[in-house]
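Please read these numbers as outputs of a predicted model, since none were measured by experiment. Note that the numbering runs from 1 along the sequence shown for the chain.
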Amino acid sequence: MALHEFDQKLADKLFPCVQFATRTSAALSEWHARFYQSGKKIVPKDIASLLSPLALAVWLMDDGAADYAGVTFQTHSFRDSEVEILVAALESEFELTANSRRNRGGRIIYVQNRSLNRLREVVAPHLLPEFDYKLIERRTRTP
């Protein structure tokens, strides 16, 4: 698709802008329906069957963070029961030792230090090098 380039004037200054349109796809609509109910993002009950090493790597690059001694996944927007489904999926599908923790009014997933090597093994083939730091616990980093 062609880009529509133009300048937009704001407070007597011109700012370059680019506009484009994307195409919709029935395949993406199907995925949207699985992960959104009544406009709210949810964890489908069959999430374990949907997780793959690639999916876990993408999730880590997006919502993962190095913690003091492990790795966290930011899951604040999900109900407690949904976070527990995700914890169980990490354990059953990837043999990771994980639990959930309260954090800022929600729950996050914590992958324990003893599972970091296993997490590295699973995601390494798919992790972009720019995100390697997410697998280095903060306690071992040098300032």
Exercise. Got a donor-acceptor contact below 3.5 angstrom from the T140 side chain to the I136 backbone?
Worked result: no
To the nearest 0.5 Å, atom OG of S77 lies from atom CG of D63 at 8.0 Å
All heavy atoms of H126 vs all of A57, minimum pair found to be CB-CB, 3.6 Å
Heavy-atom closest pair (A98 atom, L90 atom, distance to 0.1 Å) is CB-CD1, 4.4 Å
Nearest heavy-atom contact between T75 and R107 is OG1-O, 2.7 Å
Value for OH (Y36) from NZ (K41), rounded to nearest 0.5 Å, stands at 4.5 Å
request  = Taking the six-membered ring for Trp and the full ring for Phe, Tyr or His, determine whether the centres of F78 and H76 are under 6.0 Å apart.
outcome  = no
Exercise. Between the side chain of S25 and the main-chain N/O of A27, is any donor-acceptor distance below 3.5 Å?
Worked result: yes
Q) With the 4.5 Å side-chain cut-off for hydrophobic clustering, are L135 and I108 part of the same group? A) no
Value for CG (L119) from CZ (R114), rounded to nearest 0.5 Å, stands at 14.5 Å
Answer yes or no: is there an ion pair linking D46 with R34, defined by an N-O contact shorter than 4.0 Å? yes
message = Test of understanding: clusters of I, L, V, M, F, W, Y form through side-chain heavy atoms closer than 4.5 Å, transitively. Do L128 and V122 belong to the same one?
response = yes
Item to complete: May I ask you to check if R101 and Y110 form a cation-pi contact, with NZ or CZ under 6.0 angstrom from the six-membered ring centre and within 45° of the axis?
Response: yes
- Message: So for atom CD, which belongs to E121, do other residues, nucleotides or ligands contribute more than 12 heavy atoms lying within a distance under 6.0 Å?
- Response: yes
**Message:** Does any part of the side chain of F6, heavy atoms only, come nearer than 4.5 Å to the side chain of P16, both counted from C-beta?
**Reply:** no
*Given side chains that start at C-beta, do those of F94 and L56 come closer than 4.5 Å, heavy atoms only?*
yes
Note to self: Is there a path of hydrophobic side-chain contacts, each under 4.5 Å between heavy atoms of I/L/V/M/F/W/Y residues, joining V123 to L50?
What the structure shows: yes
Intermediate values then yes/no, side chain to side chain contact (heavy atoms under 4.5 Å, CB included), S100 and E84 | CA-CA 7 Å; S100 67; E84 294 309 321; 2.4 Å; yes
For L96 and E91 the tightest heavy-atom approach is O-CG, 2.9 Å
Tightest non-hydrogen contact, residues A89 and L51, listed as CB-CD1, 3.9 Å
Interatomic distance, CZ@F20 vs CD@E5, rounded to 0.5 Å, equals 12.0 Å
Distance col, row E93:CD vs S52:OG, nearest 0.5 angstrom, shows 10.0 Å
Run F15 and D7 through side chain to side chain contact (heavy atoms under 4.5 Å, CB included) and show every step you take. CA-CA 5 Å; F15 294 91; D7 290 330; over 6 Å; no
Carboxylate-amine/guanidinium contact D80 R102, below 4.0 Å | yes
**Item:** Short side-chain to backbone donor-acceptor contact, S115 and R118, under 3.5 Å
**Value:** no
*Are the side chains of N99 and Q112 in touch, meaning some heavy atoms are under 4.5 Å apart?*
yes
Go through the steps to decide whether T72 and V111 satisfy the test side chain to side chain contact (heavy atoms under 4.5 Å, CB included), and finish with yes or no. CA-CA 6 Å; T72 59; V111 176; over 6 Å; no
* Asked: Where the side chain of N113 meets the backbone of G70, is there a donor-acceptor pair that is under 3.5 Å apart?
  -> no
Item to check | Close side-chain approach of W59 to L54, heavy-atom, < 4.5 Å | outcome: no
Heavy-atom closest pair (G64 atom, K134 atom, distance to 0.1 Å) is O-NZ, 2.8 Å
> Are D67 and E137 close enough that some pair of their side-chain heavy atoms sits under 4.5 Å apart?
Replying inline: no
**Message:** Taking the side chain as everything from C-beta on, heavy atoms only, tell me whether D62 gets closer than 4.5 Å to F131.
**Reply:** no
Discussion item. Between I42 and E82, is the side chain to side chain contact (heavy atoms under 4.5 Å, CB included) condition met? List the steps.
Written reply: CA-CA 7 Å; I42 58 109; E82 292 175 313; 3.3 Å; yes
